[in-house]
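Beneath this line is the structure, given in structure tokens, with notes to follow.
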Amino acid sequence: MNAQHLKNTFKKLFNAEPILVRSPGRINIIGEHTDYNGGFVMPAAIDKAIYVAISKREDDEIHLFSESYQQFDISSIKSLKKSENSWANYILGVADQLKERGHKLGGFNFYIDGDVPLGAGLSSSAAVECATGFALDQLFLLDVPKIDIALIAQKAEQTFAGVNCGIMDQFASVFGKKDQAIMLDCRSMKHVYIPLKLDGYKLLLLNTNVKHALADSAYNKRRAQCEQGVAWVKEHYPGVNTLRDVDLSMLEAHVKPKDEEVFTKCSFVVKEIGRLLTAAEQLENGNLQGLGNLMFETHEGLSKDYEVSCKELDFLVEAVKPLDYVLGARMMGGGFGGCTINIVKEEKIVGLIEELSSKYLLQFGLKLDAYTVQTDNGTSLFN
């Protein structure tokens with residue numbers, strides 16, 4: 001994205017000089033469905049981002065323009081409410097949360113563009129929210145701490161967009177660092193950076209281009225099953241509050257006799273928290289192969305035990321498993337569609353995409369989209 005192009009477009013729309021902000025999408029290396037169970041996740045910000053330009057207005061109006069939708073949205077800072085334009089709610093929700101916290105905002109012009117693929121599970125919505133929070137902070141000199149920008153963005157998604165999301169996406173968007181993954185403790189919000197050196201390898205995302213209708217209902221059911229497992233263990237161990245506090249022997253003793261399926265779902269989460277801690281050690285030691293093996297294990301668990309995969313995702317993971325130049329692969333995100341994340345030898349990527357694209361088209365009649373991504377820095381001014 002070119003800063004001058006952003007400025008020129010903004011000036012044509014609003015006849016004003018803007019502040020420019022960039023906020024990245026994210027991937028999650030390992031640690032899936034652990035966030036709402038008080039565990040750890042390991043996201044990284046990527047080199048695909050949302051870009052916004054912003055300036056003050058003389059009045060109380062908010063004038064938004066989306067490049068993707070080629071659409072204006074006009075409202076007032078005095079009476080913020082949800083828009084009929086769903087894209088605008090990610091922006092308006094952040095302004096609303098800042099006001100809720102007592103920050104003084106005036107009217108503003110706002111232009112948004114980006115190259116985060118929509119619907120690929122790379123958290124374009126979190127990037128929009130974090131870019132908005134940071135841009136409003138800069139414009140009105142609010143001095144909002146970085147962690148609060150992430151929390152405000154999360155709350156905006158929950159209130160204005162109506163998605164009960166965890167903190168991982170927004171946290172990664174704000175705190176990302178190039179060549180680093182973030183090991184985030186979802187309970188304490190403490191985080192450490194883990195080196196992600198991919199010498200000779202690249203991260204390849206393969207987008208299934210499917211989103212099965214099961215996604216939301218299954219997600220809610222999994223959360224309920226995890227909470228049920230915790231409740232049964234807590235009867236015997238009062239100190240237990242989430243699956244983070246539970247080990248497999250507790251599940252064997254107090255959950256398995258009551259409900260085999262709840263036991264299987266809870267066991268996946270407990271094992272996945274353990275896998276993430278092992279993955280952090282492997283990366284600290286520069287062992288990419290070790291990380292790759294754990295990613296394959298995670299996918300197996302997500303598919304067979306947690307049952308949130310789908311035939312398209314399974315097909316893509318199984319297709320790369322035998323290839324010695326693919327160190328690891330797994331489905332990424334909530335499930336039932338979206339992307340697989342793969343660690344692939346750089347010079348083999350083009351050939352792999354060609355081969356898999358034709359096989360995928362033949363098998364499912366669907367186009368396979370592929371993106372190579374690199375780690376990048378979090379939300380910042382752009383010039």
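- Here the side chain of N85 pairs no donor or acceptor atom with the backbone of A88 at under 3.5 angstrom.
- With Y325 contributing its side chain and I349 its backbone, the two residues share no donor-acceptor pair below 3.5 Å.
- Considering V41, D35, T34 in turn, V41 is the only one that fulfils the side-chain contact (heavy atoms from CB on, under 4.5 Å) rule with L184.
- In this structure, F65 has its ring center no closer than 6.0 Å to that of H63.
- For F175 and H191, the gap between ring centers is short of 6.0 Å.
- Taking CG from N209 and CG from L368, the interatomic distance works out to 7.5 Å, rounded to the nearest 0.5 Å.
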Pair S55, N109 - check side-chain hydrogen bond (donor to acceptor under 3.5 Å, both in side chains), show working.
CA-CA 5 Å; S55 71; N109 299 313; 3.2 Å; yes
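- Side chain of D245 to backbone of T242: a donor-acceptor contact under 3.5 angstrom is found.
- Ionic pairing of D59 and R57 is present here: one or more N-O contacts between side-chain nitrogen and carboxylate oxygen are shorter than 4.0 angstrom.
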List the steps, then state whether salt bridge (Lys or Arg N to Asp or Glu O under 4.0 Å) holds for D369 with K367.
CA-CA 6 Å; D369 284 329; K367 183 176 181 286; 2.4 Å; yes
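- Residue I62 forms a side-chain contact (heavy atoms from CB on, under 4.5 Å) with just one option from S75, S76, S83, and that option is S75.
- Counting only distance, with no hydrogens or angles, the side chain of D185 and the backbone of F40 share no donor-acceptor pair below 3.5 Å.
- Of the candidates T379, D376, N383, R22 forms a side-chain hydrogen bond (donor to acceptor under 3.5 Å, both in side chains) with just one, namely D376.
- With respect to the salt-bridge test (charged N to carboxylate O, under 4.0 angstrom), the residues K321 and E300 qualify.
- Between the side chain of D47 and the main chain of Q374, a donor-acceptor pair closer than 3.5 Å is present.
- A salt bridge links E32 with R330: at least one charged nitrogen is closer than 4.0 Å to a carboxylate oxygen.
- In this structure, Y51 has its ring center closer than 6.0 angstrom to the ring center of F382.
- Between N342 and L206, some side-chain heavy-atom pair lies under the 4.5 Å cut-off.
- Side-chain contact between E284 and I194: present, with at least one pair of heavy atoms (C-beta onward) separated by less than 4.5 Å.
- Side chain of R222 to main chain of E307: a donor-acceptor pair is present (N/O by atom type, distance under 3.5 Å, no hydrogens or angles).
- In this structure, S173 contributes its side chain and D169 its backbone to no donor-acceptor pair below 3.5 Å.
- In the hydrophobic clustering of this structure, I50 groups with Y69; members are Ile, Leu, Val, Met, Phe, Trp, Tyr whose side-chain heavy atoms approach within less than 4.5 Å, directly or through other members.
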